[in-house]
2 protein chains.
Amino acid sequence: MKYDYDIYSDRCPARAVLDRIADKWALLIMDRLSAGPTRFNTLKRDIAGISQKVLSQTLKLLERDGLISRKAYATVPVTVEYALTSLGENLSRAVEAFAHWAESNMDAIRKAQAAYDRRERSASGP
Amino acid sequence: MKYDYDIYSDRCPARAVLDRIADKWALLIMDRLSAGPTRFNTLKRDIAGISQKVLSQTLKLLERDGLISRKAYATVPVTVEYALTSLGENLSRAVEAFAHWAESNMDAIRKAQAAYDRRERSASGP
DNA sequence: CGGGATCCTCAGGGATACTG
DNA sequence: CAGTATCCCTGAGGATCCCG
């Protein structure tokens with residue numbers, strides 16, 4: 001066996017972790033935070049399509065997981081900064097690998113999709 | 001900018017790719033396939049908790065993306081084997097990094113969660 | 001064995017409004 | 001600014017049955 005635990009078991013704690021971080025919003029947030037501490041509304045603005053509800057709830061979960069930290073400054077109005085913890089920074093390396101992979105291979109994927117769709121079309125075609 | 005495209009834009013093709021592969025079932029399937037070509041029901045049995053519907057639909061999507069290949073053998077009853085393509089194998093490296101990260105850091109995460117929950121509990125009073 | 005077709009549910013997440 | 005609170009709805013996904 002490749003793993004100490006069986007990651008394919010739904011009782012494996014590692015799989016619970018995988019379930020949590022295999023989330024597009026969490027990945028985008030972490031990747032964005034790898035550029036440095038960032039404020040709530042900046043994240044909301046920068047990550048197109050995320051709602052404030054999902055953003056805040058994802059941030060809370062990531063904070064609970066110890067992957068990011070939340071720091072509030074007693075300014076008026078209040079300022080809050082989110083940043084990666086060392087644990088989160090560690091993970092963001094893997095995230096980066098993912099994002100970079102997606103970037104450098106998207107053309108291959110799009111070609112594969114087009115080819116697949118052409119095959120499907122001719123298979124069910126007239 | 002770190003990327004050629006802006007991955008935080010919802011129009012970025014790389015983000016579409018990220019959306020697709022940031023899926024726990026897809027990740028588990030790819031990771032399982034990295035051990036070698038595998039049949040449908042074997043996947044279903046091994047990956048605890050996946051339904052047949054989700055399995056087949058995820059396999060189809062992964063095949064469309066060119067990440068896995070499907071090979072049917074004219075036996076009775078029919079035998080079908082799924083395997084990683086070279087593109088998929090390439091990705092599965094990143095997936096493995098993810099899975100391993102999850103495995104080796106799950107304890108830290110669980111501790112962080114417990115600490116967070118303790119803080120929350122004491123924050124919201126007796 | 002390897003799926004396709006259906007039905008059903010329920011929770012993830014969007015939109016909106018409000019607050020410290 | 002940085003969220004919380006509600007309402008609401010859609011679609012992901014589970015359960016079941018069936019077929020080549």
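Chain letters run A, B, ... following the sequence lines, proteins first and then strands; every chain starts at 1.
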Visitor: Which comes earlier along DNA chain C counting from the 5' end, the contact point of B/Leu59 or that of A/Lys24, where each point is its nearest nucleotide?
Guide: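 Result of the comparison: B/Leu59.
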Visitor: Counting only side-chain heavy atoms from C-beta out, which of C/dG2, D/dG13, D/dC1 sits nearest to A/Arg39?
Guide: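 The nucleotide sitting nearest to the side chain is D/dC1.
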Visitor: To the nearest Å, give me how far apart CD1 (A/Ile47) and C1' (D/dA2) are.
Guide: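 A/Ile47 atom CD1 is separated from D/dA2 atom C1' by 15 Å.
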Visitor: B/Ser56 has a side chain; which of C/dG4, C/dG14, C/dC1 sits nearest to it?
Guide: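 Nearest listed nucleotide: C/dG4.
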Visitor: How would you label the contact of B/Tyr73 with the nucleic acid (heavy atoms, under 4.0 Å): base, sugar-phosphate, or nothing?
Guide: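 Counting heavy atoms under 4.0 Å across all strands, no contact is made by B/Tyr73.
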Visitor: In this structure, how many angstroms lie between the P atom of C/dG12 and the CG atom of A/Leu61, rounded?
Guide: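 These atoms are roughly 10 Å apart.
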Visitor: Going by side-chain hydrogen bond (donor to acceptor under 3.5 Å, both in side chains), name the pairs with one or both residues in residues 71-81 of chain B, residues two or more places apart or in two chains.
Guide: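 Sorted result for residues 71-81 of chain B: B/Thr75-B/Thr79.
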Visitor: Could you walk me through whether B/Arg20 and B/Leu61 pass side-chain contact (heavy atoms from CB on, under 4.5 Å), step by step?
Guide: CA-CA 9 Å; B/Arg20 281 287 352 273; B/Leu61 284 171; 3.6 Å; yes
Visitor: Grab the NZ-P distance between B/Lys60 and C/dG2 for me, whole Å please.
Guide: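 Spelled out: NZ on B/Lys60 to P on C/dG2 is 15 Å.
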Visitor: Return the value, rounded to whole Å, for the distance between atom CG of A/Asp10 and atom C1' of D/dG14.
Guide: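 Rounded to whole Å, this separation is 14 Å.
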Visitor: Given atom CG of B/Leu55 and atom P of D/dA15, what is their separation to the nearest angstrom?
Guide: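 Those two atoms, CG and P, are 14 Å apart.
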Visitor: Could you list the protein-to-nucleotides 17-20 of chain C atom pairs, N/O on both sides, closer than 3.5 Å?
Guide:
| residue | atom | partner | partner atom | Å |
| --- | --- | --- | --- | --- |
| C/dA17 | N6 | A/Gln52 | NE2 | 3.2 |

Visitor: Quickly work out the B/Asp19 CG to C/dG12 P distance and round it to whole Å.
Guide: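 From B/Asp19 CG to C/dG12 P: 18 Å.
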Visitor: Ignoring hydrogens and geometry beyond distance, is a side-chain donor-acceptor pair present between A/Asp31 and B/Tyr8 at under 3.5 Å?
Guide: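 Yes, because at least one side-chain N or O of A/Asp31 sits under 3.5 Å from a partner of the opposite role on B/Tyr8.
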Visitor: Does any N or O in the side chain of B/Thr85 come within less than 3.5 Å of the main-chain N or O of B/Leu67, such that one atom is a donor and the other an acceptor?
Guide: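 Confirmed, B/Thr85 side chain pairs with B/Leu67 backbone.
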Visitor: Please name all residues satisfying salt bridge (Lys or Arg N to Asp or Glu O under 4.0 Å) with B/Asp117, sequence neighbours left out, ordered by chain then number.
Guide: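 Expected list: A/Arg64.
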Visitor: Counting only pairs under 3.5 Å, give me each side-chain donor-acceptor contact of residues 48-59 of chain B, with atom names and distances, residues two or more places apart or in other chains.
Guide:
| residue | atom | partner | partner atom | Å |
| --- | --- | --- | --- | --- |
| B/Ser51 | OG | B/Val54 | N | 3.2 |
| B/Ser56 | OG | B/Lys53 | O | 3.2 |
| B/Thr58 | OG1 | B/Val54 | O | 2.6 |

Visitor: Below 3.5 Å is the cut-off: list the nitrogen or oxygen pairs between protein and nucleotides 7-12 of chain D, distance only.
Guide:
none

Visitor: Taking B/Thr42 for the side chain and B/Thr38 for the main chain, is one N or O donor matched with an acceptor at less than 3.5 Å?
Guide: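 No.
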Visitor: Is the phosphate of D/dC1, meaning OP1 or OP2, less than 4.0 Å from a side-chain N or O of A/Thr75?
Guide: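 So the side chain of A/Thr75 is outside the cut-off, no N or O lying under 4.0 Å from OP1 or OP2 of D/dC1.
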Visitor: Write down the distance between CD1 (A/Ile29) and P (D/dG3), rounded to a whole number of angstrom.
Guide: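 That distance rounds to 12 Å.
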Visitor: Would you indicate, yes or no, if D/dG3 has its OP1 or OP2 atom less than 4.0 angstrom from a side-chain nitrogen or oxygen of A/Tyr82?
Guide: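 Checking D/dG3 against A/Tyr82, a side-chain N or O does come within under 4.0 Å of OP1 or OP2.
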Visitor: Using only side-chain N and O atoms of A/Lys44, determine if any of them is under 4.0 Å from OP1 or OP2 of D/dC1.
Guide: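 A/Lys44 to D/dC1 OP1/OP2: no side-chain N or O under 4.0 Å.
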Visitor: Quick one: do A/Ser34 and A/Glu89 satisfy side-chain contact (heavy atoms from CB on, under 4.5 Å)? Show the steps, please.
Guide: CA-CA 7 Å; A/Ser34 72; A/Glu89 236 170 290; over 6 Å; no
Visitor: Please check if the side chain of B/Asp23 supplies one atom and the backbone of B/Ala26 the other of a donor-acceptor pair under 3.5 Å.
Guide: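 At least one qualifying donor-acceptor pair exists.
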Visitor: So, using salt bridge (Lys or Arg N to Asp or Glu O under 4.0 Å) as the criterion, who are the partners of A/Asp10 when residues are at least two apart?
Guide: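 Testing A/Asp10 for salt bridge (Lys or Arg N to Asp or Glu O under 4.0 Å), a comparison that skips the adjacent residues, returns none.
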Visitor: How close or far is atom C1' of D/dG3 from atom NZ of A/Lys71, stated in whole angstroms?
Guide: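 Atom NZ in A/Lys71 sits about 20 Å away from atom C1' in D/dG3.
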